[in-house]
Number of protein chains: 2
Amino acid sequence: MDLLQGIYTRRSIRRYTEQPVEREQLIEIIKAGTWAPSGLNNQPWRFIIINEKTLHHKLAQFTKYRHIIENAAACIVVLADKDSMYDELKDHQAIGACIQNMLLTAHSFGLGAVWLGEILKNSKKIRILLDYPEQMELMAVVALGYPAEPDKLSHRKEIAEVLIKEYWG
Amino acid sequence: MDLLQGIYTRRSIRRYTEQPVEREQLIEIIKAGTWAPSGLNNQPWRFIIINEKTLHHKLAQFTKYRHIIENAAACIVVLADKDSMYDELKDHQAIGACIQNMLLTAHSFGLGAVWLGEILKNSKKIRILLDYPEQMELMAVVALGYPAEPDKLSHRKEIAEVLIKEYWG
């Protein structure tokens with residue numbers, strides 16, 4: 001898939017077919033995520049793959065978007081390792097860059113994915129459910145599967161609304 | 001450029017030729033940035049283009065990486081509009097996703113770019129220099145130009161170091 005085409009045609013996909021996602025695909029998605037830049041190349045991101053229906057149902061309790069997680073073929077839980085972090089703002093940005101690589105890579109594989117953030121309100125309970133160390137902080141859950149919804153329109157502000165100044169010499 | 005190839009071959013480029021960067025390219029880089037996802041599609045990012053040597057030199061004072069900004073053909077200053085924000089962590093992540101789209105797009109154009117974060121220590125002075133409203137918060141400066149350095153090696157942790165658990169059903 002062409003890079004710019006991928007950026008412009010990626011959408012948040014919230015309904016999925018029954019078709020499973022291969023482990024190799026999930027590994028490649030995570031690997032692409034890790035090729036994001038990070039400050040001092042500190043790579044603060046960590047990951048958990050969930051491809052197990054009972055656990056999907058347990059995780060789904062923690063968000064009002066439970067149907068997405070229940071129906072997803074797989075979830076990738078994205079964590080920040082506080083022991084690797086050096087600056088909260090910059091580390092959070094780097095993890096956003098990492099997730100964007102993951103979403104683009106999933107899209108290039110013909111998968112649909114959505115970045116779930118609302119679930120962060122239950123970070124503490126999720127840490128207990130998934131039993132990861134206390135120095136790991138929940139950053140997002142990415143739900144994935146083959147899309148079961150038609151291409152959606154989306155919209156963005158015009159350039160004139162977001163480009164607030166230009167200085168030309 | 002192929003999407004995955006772009007993700008894996010992008011590098012932080014810190015030295016540039018004299019060749020100018022066209023306004024159309026900078027606009028396309030910003031536009032691609034805005035196609036990142038954001039929570040509630042709030043699109044908190046704002047941008048300033050700087051393509052003016054005197055201003056590059058003034059901005060360069062505010063970072064120990066001054067030679068990068070001085071030599072860059074253009075800089076894109078990335079801001080967060082606090083009036084559009086809803087959650088600091090998620091908005092910062094979204095801006096990271098936006099910047100990653102920008103870096104990938106620059107790379108696909110044959111440009112080199114680097115995400116500068118250390119300069120944030122002088123956010124207040126930069127707000128005065130560039131005279132943007134107080135509700136705009138400096139997030140990063142992206143320096144750009146045609147690369148004047150050879151392809152660089154970079155490295156990332158192995159998957160086994162970052163994938164801390166897997167649950168399969």
Side-chain angles (χ1 to χ4, degrees), chain A residues 1-4 6-8 10 12 23 27 30-32 34-37 39 41 43 45-55 79 87 89-90 92-97 99-101 103-105 108 115 117 120 130 132 136 139-140 154-157 159 162-169, chain B residues 1-4 6-8 10 12 23 27 30-32 34-37 39 41 43 45-55 79 87 89-90 92-97 99-101 103-105 108 115 117 120 130 132 136 139-140 154-157 159 162-169:
Chain A
M1 177 180 282
D2 175 69
L3 196 150
L4 271 175
I7 286 174
Y8 288 125
R10 182 209 57 79
S12 296
R23 183 173 185 275
I27 296 294
I30 290 170
K31 188 177 161 205
T34 70
W35 278 88
N41 197 19
Q43 308 171 57
W45 38 67
R46 300 292 182 271
F47 309 91
I48 297 174
I49 290 175
I50 306 180
N51 204 321
E52 203 272 296
K53 274 293 161 201
T54 313
L55 200 50
L79 306 167
D87 178 295
L89 165 63
K90 295 172 198 173
H92 291 164
Q93 289 178 333
I95 285 169
I99 295 171
Q100 180 64 3
N101 273 3
L103 297 174
L104 291 172
T105 301
S108 81
W115 174 345
L120 298 190
L130 299 178
Y132 48 80
M136 304 279 176
M139 290 284 110
S154 187
H155 58 88
R156 290 298 187 276
K157 294 182 198 297
I159 289 294
V162 294
L163 178 58
I164 64 168
K165 273 177 194 266
E166 297 185 60
Y167 293 97
W168 290 85
Chain B
M1 178 180 281
D2 176 69
L3 196 150
L4 272 175
I7 285 173
Y8 288 125
R10 182 209 58 79
S12 296
R23 183 173 184 276
I27 295 294
I30 290 171
K31 189 178 161 206
T34 71
W35 278 88
N41 197 18
Q43 306 171 59
W45 37 69
R46 301 292 182 271
F47 308 92
I48 297 174
I49 290 174
I50 306 181
N51 204 320
E52 204 271 297
K53 274 293 160 202
T54 313
L55 199 50
L79 306 167
D87 179 294
L89 166 62
K90 295 172 198 173
H92 291 163
Q93 289 177 334
I95 286 169
I99 295 171
Q100 181 63 4
N101 273 2
L103 297 175
L104 291 172
T105 301
S108 81
W115 175 344
L120 299 189
L130 301 177
Y132 48 81
M136 304 279 176
M139 289 285 111
S154 187
H155 58 89
R156 289 296 186 278
K157 294 180 197 298
I159 289 294
V162 293
L163 177 59
I164 64 169
K165 273 177 195 266
E166 295 185 62
Y167 294 96
W168 291 85

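The sequence lines fix the lettering, A, B, ..., with proteins before strands; numbering per chain opens at 1.
With respect to chain B, the highest number of heavy-atom pairs below 4.5 Å among A:W35, A:Y167, A:F47 belongs to A:W35. Ranked by heavy-atom pairs under 4.5 Å with chain B, the list A:G169, A:P37, A:G39 is led by A:P37. Counting heavy-atom pairs closer than 4.5 Å to chain A, the top residue among B:A32, B:A94, B:S108 is B:A32. Contact count against chain B (heavy-atom pairs under 4.5 Å) is highest for A:L89 among A:L120, A:I50, A:L89. Chain A forms more heavy-atom pairs under 4.5 Å with one residue of B:M1, B:M136, B:Q100, B:K53 than with any other, namely B:Q100.
The heavy-atom pair separating B:L163 from B:E166 by the smallest distance is CD2-OE2, 3.5 Å. Among all heavy-atom pairs drawn from B:A36 and B:N101, the shortest one is N-ND2, 3.4 Å. Annotation for B:I99 and B:A140: closest pair CD1-CB, 3.7 Å, computed over non-hydrogen atoms.
Both the backbone and the side chain of B:L130 come within less than 4.5 Å of a heavy atom in chain A. A:K157 touches chain B through backbone and side chain together, each having a heavy atom under 4.5 Å away. Interface residue B:W115: only side-chain heavy atoms are found under 4.5 Å from chain A. Only the side chain of A:N41 comes within less than 4.5 Å of a heavy atom in chain B; its backbone stays farther off. For chain B, the nearby parts of A:I164 are the backbone and the side chain; heavy atoms of each come within less than 4.5 Å. B:I159 touches chain A through its side chain: at least one heavy atom from C-beta onward sits under 4.5 Å away, while N, CA, C and O do not. Only the side chain of A:L55 comes within contact range of chain B, with at least one heavy atom under 4.5 Å from a heavy atom of that chain. Proximity to chain A is limited to the side chain of B:I95, based on heavy atoms less than 4.5 angstrom apart.
Without hydrogens or angle criteria, A:Q93 side chain to B:M139 main chain gives a donor-acceptor distance under 3.5 Å.
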Review point. Passes side chain to side chain contact (heavy atoms under 4.5 Å, CB included), A:Y132 versus A:R46? Steps please.
Key: CA-CA 11 Å; A:Y132 48 80; A:R46 300 292 182 271; over 6 Å; no

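Atoms CG and CD1, on A:L104 and A:I7 in that order, are 6.0 Å from each other to the nearest 0.5 Å.
In this structure A:R10 satisfies the side-chain hydrogen bond (donor to acceptor under 3.5 Å, both in side chains) test with no other residue, sequence neighbours excluded. The side-chain hydrogen bond (donor to acceptor under 3.5 Å, both in side chains) check on A:E52 picks up A:T54, with sequence neighbours excluded.
Side-chain contact between B:I27 and B:I49: present, with at least one pair of heavy atoms (C-beta onward) separated by less than 4.5 Å.
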